Protein chains: 2
Amino acid sequence: MERRLGTLLGQVARLMRRRFDQRAREIGITRPQWQVIYVLRRHEGIKQGELAEILEVEPITAGRMIDRMQDAGLVERRADPTDRRAWRLFLTERGQGLVGQLEPLSVEISDLALAGVSDAEQAQLFETLEKIRLNLSGKPIAPAHDED
Amino acid sequence: MERRLGTLLGQVARLMRRRFDQRAREIGITRPQWQVIYVLRRHEGIKQGELAEILEVEPITAGRMIDRMQDAGLVERRADPTDRRAWRLFLTERGQGLVGQLEPLSVEISDLALAGVSDAEQAQLFETLEKIRLNLSGKPIAPAHDED
DNA sequence: AAAACTTAGTAGGCTTGCTTATTATTGACC
DNA sequence: GGTCAATAATAAGCAAGCCTACTAAGTTTT
């Protein structure tokens, strides 16, 4: 076996998303939307750009997702009182109500994925993935050099 | 930090794909397309369904990708002599020619991602991810029970 | 041989994600 | 105060991924 890192990661990520979406479809939600709810629950009133940064997606991606979630009555856009360009995001009651259903589903899928993986192995996995995430999140590809 | 496995995996996978695509765009190719080339290089003449199975995507996803790659002159569909429903897939010369450029790029992105990750840690990562992949690939969610 | 089932691929329609380009503000500088 | 640059969000357009539904061709059953 000489799998590539990107291929393997992509496959595993996709399989997890597929599992989640299959189960969550009856609730009428997708995994990325669940992630938005998850973030908004503890960051009430953030701006779209801040949401995008937390999710590490482009602002337009977050904006379109908010469009759909607003149509579905899951989130609410309120005008920012100090900046007329910006929106402040809030969960609706309906949005908050889903947490109770989605949290257990999320745990269930994780458990399925991690069956037979020891606690130590899990901890190691998270640590390594976090390291990789930081490697990829940073500035372009150029090596470090002081600010100017 | 109490990140979710799916979230973290999804983010890391997306960041890797984004890096690859940014660099490969000048060549006019995407990472999923590179994966198709990679598979076809050593599985000449497979059918679309077989390709889909290897990539673990749905047949329609593979079919649409082949549409685009055929338009781009990267792959060729040839009729299956024994089954008029099926296509056999082949790389064009142009498709084969890209391997030399994409292989190093692929390695480069992996190296960037794995900077500061020891060999042992990498081996562990691959092993754990493969375990997870198998957990997720299996039959539905139901427990095993004999064929009937 | 005819009917019924299975298999290979495609069509339509949706979400997520990106890039590039635009609009509307805000903030900084002269 | 007026211009100019930076920032928040959106628009258009594309790829990849999915689901459901369909067609056409093989295969099996009767």
Side-chain angles (χ1 to χ4, degrees), chain A residues 6-7 10-36 45-53 55-72 74 77-89, chain B residues 6-7 10-36 45-53 55-72 74 77-89:
Chain A
T7 302
Q11 248 176 32
V12 172
R14 186 149 34 70
L15 290 172
M16 279 201 85
R17 192 194 38 178
R18 203 196 283 183
R19 288 275 181 181
F20 186 97
D21 287 355
Q22 278 166 355
R23 297 286 310 281
R25 187 144 21 99
E26 54 203 44
I27 305 174
I29 212 176
T30 65
R31 204 194 54 183
Q33 290 177 4
W34 161 233
Q35 285 163 358
V36 170
I46 59 175
K47 296 190 267 190
Q48 286 187 197
E50 292 167 343
L51 174 64
E53 196 152 337
L55 297 176
E56 292 196 74
V57 299
E58 298 303 314
I60 183 65
T61 298
R64 294 264 155 89
M65 254 169 44
I66 296 300
D67 286 348
R68 285 183 288 266
M69 293 179 76
Q70 191 173 32
D71 288 350
L74 298 170
R77 278 178 168 117
R78 297 187 202 152
D80 184 313
T82 71
D83 186 341
R84 285 193 301 173
R85 295 168 302 180
W87 296 109
R88 295 288 176 178
L89 302 176
Chain B
T7 302
Q11 248 176 32
V12 172
R14 186 150 32 72
L15 291 172
M16 280 201 84
R17 191 194 38 176
R18 204 197 282 182
R19 289 273 181 182
F20 186 98
D21 287 354
Q22 278 165 356
R23 297 286 310 280
R25 186 144 22 99
E26 54 203 44
I27 306 174
I29 212 175
T30 64
R31 202 193 55 184
Q33 289 177 7
W34 161 233
Q35 284 162 359
V36 170
I46 59 174
K47 295 190 268 189
Q48 286 186 199
E50 291 166 344
L51 174 63
E53 196 153 337
L55 298 176
E56 294 198 73
V57 299
E58 297 302 313
I60 183 64
T61 298
R64 296 255 160 95
M65 256 169 42
I66 296 300
D67 286 348
R68 285 184 289 264
M69 294 180 75
Q70 191 174 31
D71 288 350
L74 297 170
R77 278 179 168 115
R78 297 189 202 152
D80 183 314
T82 71
D83 184 343
R84 287 193 299 171
R85 297 168 304 179
W87 296 109
R88 295 287 176 178
L89 302 177

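Note that the structure is predicted; figures quoted are calculated from it, not measured. Just so we're on the same page: letters track the sequence lines, and every chain starts at 1.
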Rounded to whole angstroms, how far apart are [atom1] on [X] and [atom2] on [N]?
X: A:Arg14; N: D:dA16; atom1: CZ; atom2: P; answer: 12 Å
X: A:Glu26; N: D:dT20; atom1: CD; atom2: P; answer: 12 Å
X: A:Asp83; N: D:dA8; atom1: CG; atom2: P; answer: 7 Å
X: A:Lys47; N: D:dA8; atom1: NZ; atom2: P; answer: 5 Å
X: B:Arg25; N: D:dA15; atom1: CZ; atom2: P; answer: 13 Å
X: A:Glu53; N: D:dT7; atom1: CD; atom2: C1'; answer: 13 Å
X: A:Arg68; N: D:dC18; atom1: CZ; atom2: C1'; answer: 14 Å
X: B:Gln70; N: D:dA15; atom1: CD; atom2: P; answer: 15 Å

Distance, nearest 0.5 Å, that separates [atom1] of [X] from [atom2] of [Y]:
X: A:Arg17; Y: A:Gln35; atom1: CZ; atom2: CD; result: 10.0 Å
X: B:Arg25; Y: B:Ile27; atom1: CZ; atom2: CD1; result: 11.5 Å
X: B:Gln48; Y: B:Asp80; atom1: CD; atom2: CG; result: 11.5 Å

**OP:** Count the heavy atoms of every other residue, nucleotide or ligand shown that sit under 6.0 Å from CD of A:Gln22, and state whether that count exceeds 12.
**Re:**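 Counting other residues, nucleotides and ligands, CD of A:Gln22 exceeds 12 neighbours.
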Subject >> Heavy-atom pair with the smallest gap, counting every atom of B:Ile29 and B:Trp34 >> reply: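 Heavy atoms of B:Ile29 and B:Trp34 come nearest at CD1-N, 4.4 Å.
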Subject >> Nearest-nucleotide 5' precedence on DNA chain D, B:Gln33 against B:Arg85 >> reply: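 So the residue in question is B:Gln33.
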Subject >> Range on DNA chain C touched by chain B, heavy atoms, distance below 4.0 Å >> reply: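 From 5' to 3', the first and last contacting nucleotides are C:dT7 to C:dT20.
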Subject >> First encountered from the 5' end of DNA chain C, between A:Gln35 and B:Arg77 >> reply: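 So the residue in question is B:Arg77.
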Original post:
Going by number, which of residues 56-65 of chain B have a non-hydrogen atom under 4.0 Å from DNA chain D?
Top reply: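 Close to the strand are B:Val57, B:Glu58, B:Ile60, B:Thr61, B:Arg64, B:Met65.
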**OP:** Please name all residues satisfying side-chain hydrogen bond (donor to acceptor under 3.5 Å, both in side chains) with A:Arg14, sequence neighbours left out, ordered by chain then number.
**Re:**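 For A:Arg14, no residue satisfies side-chain hydrogen bond (donor to acceptor under 3.5 Å, both in side chains) once neighbours in sequence are set aside.
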Subject >> Which residues share a side-chain hydrogen bond (donor to acceptor under 3.5 Å, both in side chains) with B:Glu50, sequence neighbours left out >> reply: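 side-chain hydrogen bond (donor to acceptor under 3.5 Å, both in side chains) check on B:Glu50 returns nothing, list empty.
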Cut-off 3.5 Å, no hydrogens considered: what does the side-chain donor-acceptor table look like for residues 60-71 of chain A, sequence neighbours left out?
| from | atom 1 | to | atom 2 | distance (Å) |
| --- | --- | --- | --- | --- |
| A:Asp67 | OD1 | A:Arg77 | NH1 | 3.0 |
| A:Asp67 | OD1 | A:Arg77 | NH2 | 3.0 |
| A:Gln70 | OE1 | A:Arg77 | NH1 | 2.9 |

**OP:** Without swapping roles, check the side chain of B:Asp21 against the backbone of B:Arg31 for a donor-acceptor pair under 3.5 Å.
**Re:**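 It does hold such a pair.
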Subject >> Validation row: B:Arg18, A:Glu58 side chains within 4.5 angstrom (heavy atoms) >> reply: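 When only atoms from C-beta onward are counted, A:Glu58 and B:Arg18 do touch, with a gap below 4.5 Å.
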Subject >> Any side-chain heavy-atom pair of A:Val36 and A:Leu89 under 4.5 Å >> reply: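 Sidechains of A:Leu89 and A:Val36: no contact.
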Original post:
Which stems, defined as runs of 3 or more consecutive Watson-Crick or G-U wobble pairs with both pairing distances under 3.5 Å, involve DNA chain C?
Top reply: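 Stems (3+ consecutive pairs) listed as C:1-30 with D:1-30.
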